[in-house]
Amino acid sequence: MKKFINKPDDFLNESLSGFGKAHSDIIKVSLDPSFVSRKNKTKEGKVSLISGGGSGHEPMHGGFVGHGMLDAACPGFVFSAPAPDQMQAAAEHVDSGAGVLFIVKNYSGDIMNFQMGAEMYSGKNASIVTNDDVAVEDSTFTTGRRGVAATVLVEKIVGSLAENGGSLDECKTLGEKVNKNAGTMGVAFTSCTVPAAGKPTFDIGDDEMEFGVGIHGEPGRKREKIQPSKTIVGNILDAILDNLKPQKNEKTLLFVNGMGGTPLTELYLVYDDACQILQSKGVEVTRSLVGNYCTSLEMQGSSITILKCDEEILKNWDAPVHTAAMRWGM
Amino acid sequence: MKKFINKPDDFLNESLSGFGKAHSDIIKVSLDPSFVSRKNKTKEGKVSLISGGGSGHEPMHGGFVGHGMLDAACPGFVFSAPAPDQMQAAAEHVDSGAGVLFIVKNYSGDIMNFQMGAEMYSGKNASIVTNDDVAVEDSTFTTGRRGVAATVLVEKIVGSLAENGGSLDECKTLGEKVNKNAGTMGVAFTSCTVPAAGKPTFDIGDDEMEFGVGIHGEPGRKREKIQPSKTIVGNILDAILDNLKPQKNEKTLLFVNGMGGTPLTELYLVYDDACQILQSKGVEVTRSLVGNYCTSLEMQGSSITILKCDEEILKNWDAPVHTAAMRWGM
Amino acid sequence: MSVNFLISQAKNIQKVIDENAPEIETLDQNIGDGDHIFNIQRGLKLVIELEGTIKDLPLPKALNTIAMKVLSGIGGSSGALFGTFFISMAKSPDLDKDVDFNKACEMIIGGVKAMKERGKADVGEKTMMDVLIPVSEKLNEIKNNNSDMKQGLNEVIKIAEDRMLSTKDMLATKGRASFLGERAKGHIDPGARSSQLIIDTICKSVINQ
Amino acid sequence: MSVNFLISQAKNIQKVIDENAPEIETLDQNIGDGDHIFNIQRGLKLVIELEGTIKDLPLPKALNTIAMKVLSGIGGSSGALFGTFFISMAKSPDLDKDVDFNKACEMIIGGVKAMKERGKADVGEKTMMDVLIPVSEKLNEIKNNNSDMKQGLNEVIKIAEDRMLSTKDMLATKGRASFLGERAKGHIDPGARSSQLIIDTICKSVINQ
Ligand SMILES: Nc1ncnc2c1ncn2[C@@H]1O[C@H](COP(=O)(O)OP(=O)(O)O)[C@@H](O)[C@H]1O
Ligand SMILES: Nc1ncnc2c1ncn2[C@@H]1O[C@H](COP(=O)(O)OP(=O)(O)O)[C@@H](O)[C@H]1O
Ligand SMILES: [Mg+2]
Ligand SMILES: [Mg+2]
Ligand SMILES: [Mg+2]
Ligand SMILES: [Mg+2]
């Protein structure tokens, strides 16, 4: 296994500790139970936002703790949901009395652990569940779709509303709207390697890609031969638009997310392809985000998220944010 | 070759065009000859900073164009120095009359092309050459050392001085000081694949790393068996400190740079290891930078840069910057 | 059931799980995210490490300590589900009295019921519940009919194995495998396999006592 | 030397370079950054594409067009060096008159001198100059002694090959290979190899005319 690592068991704590040192102006790291919180106390009356999930998706979520976004993040082991005591401790640490909104990605493990954390926490709280991955066929009989990259957008946009005094209910409502307005689909060229496993999660041929891959290297819609970027991007966008059905000239945010191992040059090329295709379909791109925000360790690949934007969403997207991984306006 | 790519010949232009669209609030992209420049004209009296080099190191340099850093960046083909007409056109485009400082990494190709660009440009100009890679044995008979990640620090720090009215001479002097105060060394776990080549630049065993690798996948000091992070980091720091010989408790900036394919969690773990080792050696870390700033396409690996900081350097490091890849204070 | 029994079972289970680790890992790589084996192994390690702390505690206290360790130390679906199981066990009435076979069955039945409520998965959804619910029902039957314990446990072993194998051809509607639709077919559920191994180990050890 | 001659030589060279592309690529991967072959191929393609634009231009104008194309279209060390070569060629005096063999030699000698000034590399530094400087000196000798052209060019071919091979055991003191110290030994310099192939191709074609 080719990683900067000392012992697999220490991997997460050592990395968190480095993260804490590198960004001590913005956040602090607690270990046992582990969570990342803002350096400064949540101001009175402000709803606290807490997210979390398995590690391996960095900068999500620890990199999004700070002004205008999360109040705390609970990192689980690599690709394993965090435990309820982390959520409980984080909530107790950050809640200023206005309540806590848990932002949870739609996986059984995350749902159950966040639920238990919420039950263990005595303060006022609510939860939203993101499920933006259109690669998964939705059905009322199943768990539904996976929560993936749009979680970043939910955290940013609701973070702004919370910062500006939105109530717990209002924050939950906005978060659910953003989630409903967003669709994501990803493709992987290579696998990732979980430190504890020490070997790639899946095998993939030299000319193959996994279309519709999950952010843990889970199988997607199909295994295909690799294709030119324009074809891949076109197929991804078809799946998303089919699902979101934006109005003619509806404003959108286009988010090209790297899975971790794909160079920025390629992500910008994907962004260019996507802009061209969207333009030809009468979809207006008014905001953009390109980079590695919701990763799968060192996996090579990319996901595209489209978020339909109304004025409320745009206003909160544009608002200042100051975290380790996303910063503007301050 | 597993890349988001349409035709290898179009790769760079398509990526640049996507970059331009994604960051139209900060920069604009010119093609033929290609350069990235700030969206707004350089203000009168401000020295213009122009850097450039082969592509494949993104976000360097295009991602560093903007307030407080570069005025323009000239991207060559992947790993090939840009051509003189790019530097000439960029200089003509951005120079506000106060002159142009070219920031050049120490490679024959870059030096020669920038020299010719400077000769072709009729305005006042000067150049600085970065050569921070301590992996290379320096000798007066040779080209000397490679310019690598410290170039990012030079661009940020001199960028601030230029923004605050520093003269061409003062900017050059500060840039040379930063370069002299910095040392870098990198290690690679995997190779990178140049799009035009379509196959990895070098072969490397499943348990091997290249110690002292260059940012184009050039061989380093030696090929070694992979080791625990602490050992690797210790060896890198020994080489750098041996070279920089910081005073007891001298203030430093610690820059852990990803080569492109290494997850952030690992970079933060490297940062943690480095902090601990530096502390045990009486070196004070007062500033930090962790992330993918000077990459080698999708190569897995990391470099560490140490910059000895005086007040002038710290002041200019902390000053506001607003570029696609580095932003704070505004 | 004693604290000693719990620790020694954990050690037995650890051995069996370690022997079958590559298979379990592959199963979760096929239709999940590959961490199930590490979650289970971590959980067992943490429980066994508790030996010194809990060996002289009363059973309810010991169970509670185990529950909190499992809940906070594992993470993922397994952590929540097995944590829930032990929390329910620890809350069983009359734990200060002697815990005989029937009482132990009641505790397990209550634990599985709590897991079912937590995960909202029933039989047929391609999860560990496909093993645990039928096992729990069989234990209930053995207890109510006062059947022969050894024969009953042999039947439990058989049921666990059959139900584990039955997950192979199911579509998943709960857990990560549910995201895969038809592609999940043809793979045994990793949680079903680990649960079956756990039950197999405990039953055999009790039978041979 | 005519514009026609330049274009047809570029086509010959392109064929030879393409045939030897894998070797040249490997050489630059060994001690450089692997792009030398693409730089050379791109340069040749661009020059050949100029055919329509320059075929009816006077020689100095055509050379200047080639120079600017090579300079702006290649990048890297090769772009600067070969661009410098053509700029120098284009500036040669008396280009409006007929360019005979001696004049062509003078132009090449001047071009190599300009490259030497640009790159500051002399013989023995493991670069293309190890081939180009001795070749240029030999051309000077042929020109000054009015030696037999064919015999002279055969000697040039031999010199280019020997000097290309001689770079194998050198330490590099210029170019990327200089960063490698001892590790550069045992590898032929990619620029020396491509230059040698270019010279070989031109000489053979002139000999056979
Ligand atoms: N809602 C649920 N109810 C019961 N069991 C579940 C549920 N979701 C998942 N499981 C079980 O958990 C197993 C996976 O556990 P594990 O890999 O540890 O967690 P995760 O899926 O979070 O990575 C599955 O194989 C399945 O048996
Ligand atoms: N200063 C120099 N003078 C002469 N030739 C040089 C010099 N530096 C490099 N070269 C030649 O350039 C070749 C490499 O060219 P190329 O790969 O196109 O550029 P780069 O080294 O910039 O990637 C080397 O093999 C060497 O022959
Ligand atoms: Mg998991
Ligand atoms: Mg090059
Ligand atoms: Mg799992
Ligand atoms: Mg090269």
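Small disclaimer: the values here were computed from a predicted structure and weren't measured. Convention: sequence-line order gives letters A, B, ...; per-chain numbering from 1.
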State, to 0.1 Å, how close C:S77 and A:S108 come at their nearest heavy-atom pair, and which atoms those are. OG-CB, 3.7 Å
Please output the residues of residues 111-118 of chain A in contact with chain C, using a heavy-atom cutoff of under 4.5 Å, in numerical order. A:M112, A:N113, A:Q115, A:M116
Part of C:F38 within contact of chain A (heavy atom distance under 4.5 Å): side chain
Chain C contact via A:M120 - side chain, backbone, both or neither, heavy atoms under 4.5 Å: side chain
Is it the backbone or the side chain of C:L71 that comes under 4.5 Å from a heavy atom of chain A, or both, or neither? both
Between A:G76, A:P82, A:A197, A:G217, which residue shows the highest count of heavy-atom pairs closer than 4.5 Å to chain C? A:A197
Which region of A:E119, side chain (C-beta onward) or backbone (N, CA, C, O), has a non-hydrogen atom less than 4.5 Å from a non-hydrogen atom of chain C, or is it both or neither? side chain
Between C:H36, C:R176, C:R183, which has the largest tally of heavy atom pairs under 4.5 Å with chain A? C:R183
For the interface with chain A, which of C:G32, C:S72, C:G181 has the highest count of heavy-atom pairs at distances below 4.5 Å? C:S72
I need the residue from A:E218, A:R146, A:K222 with the largest number of non-hydrogen atom pairs under 4.5 Å to chain C. A:R146
Would you give the length of the straight line joining atom CZ of C:F179 to atom CZ of A:R221, rounded to the nearest 0.5 angstrom? 14.5 Å
Should we count NZ of C:K91 as having more than 12 external heavy atoms under 6.0 Å? no
Looking at CG of C:D33 and OG of A:S80, how far apart are the two atoms once the value is rounded to the nearest 0.5 Å? 6.5 Å
From C:D35 atom CG to A:F79 atom CZ, the distance as rounded to the nearest 0.5 Å: 9.0 Å
Are more than 12 heavy atoms from other residues, nucleotides or ligands located less than 6.0 Å from atom NZ of A:K2? yes
Between A:G54, A:G220, A:G214, the one whose heavy-atom pairs under 4.5 Å with chain C are most numerous: A:G220
Under 4.5 Å from a heavy atom of chain A, the part of C:D28 involved: neither
For chain C, which candidate among A:P33, A:A135, A:G109 shows the most heavy-atom pairs at distances under 4.5 Å? A:G109
Chain C heavy atoms under 4.5 Å from A:P219: which part of the residue, side chain, backbone, both or neither? both
Is it the case that C:R42 places NZ or CZ above or below the six-membered ring of A:F77, under 6.0 angstrom from the centre and within 45 degrees of the axis? yes
With a sphere of 6.0 Å drawn around CG of C:D96, does it hold more than 12 non-hydrogen atoms of other residues, nucleotides or ligands? yes
Which atoms of A:D9 come close to chain C, meaning under 4.5 Å heavy atom to heavy atom: side chain ones, backbone ones, both, or neither? side chain
Which of the residues C:T26, C:L81, C:N30 is involved in the greatest number of heavy-atom pairs with chain A at under 4.5 angstrom? C:L81
Between C:K126 and chain A, with a heavy-atom cut-off of 4.5 Å, which part of the residue counts as in contact: side chain, backbone, both or neither? neither
Using a 4.5 Å heavy-atom cutoff, which residues in residues 198-206 of chain A come close to chain C? A:K199, A:P200, A:T201
Select one option (side chain, backbone, both, neither) describing which atoms of C:L171 are under 4.5 Å from chain A's heavy atoms. neither
At a heavy-atom distance under 4.5 Å, which candidate from A:G53, A:A81, A:P84 has the highest pair count against chain C? A:A81
For C:N4, I'd like to know if atom CG has over 12 heavy atoms of other residues, nucleotides or ligands within 6.0 Å. no
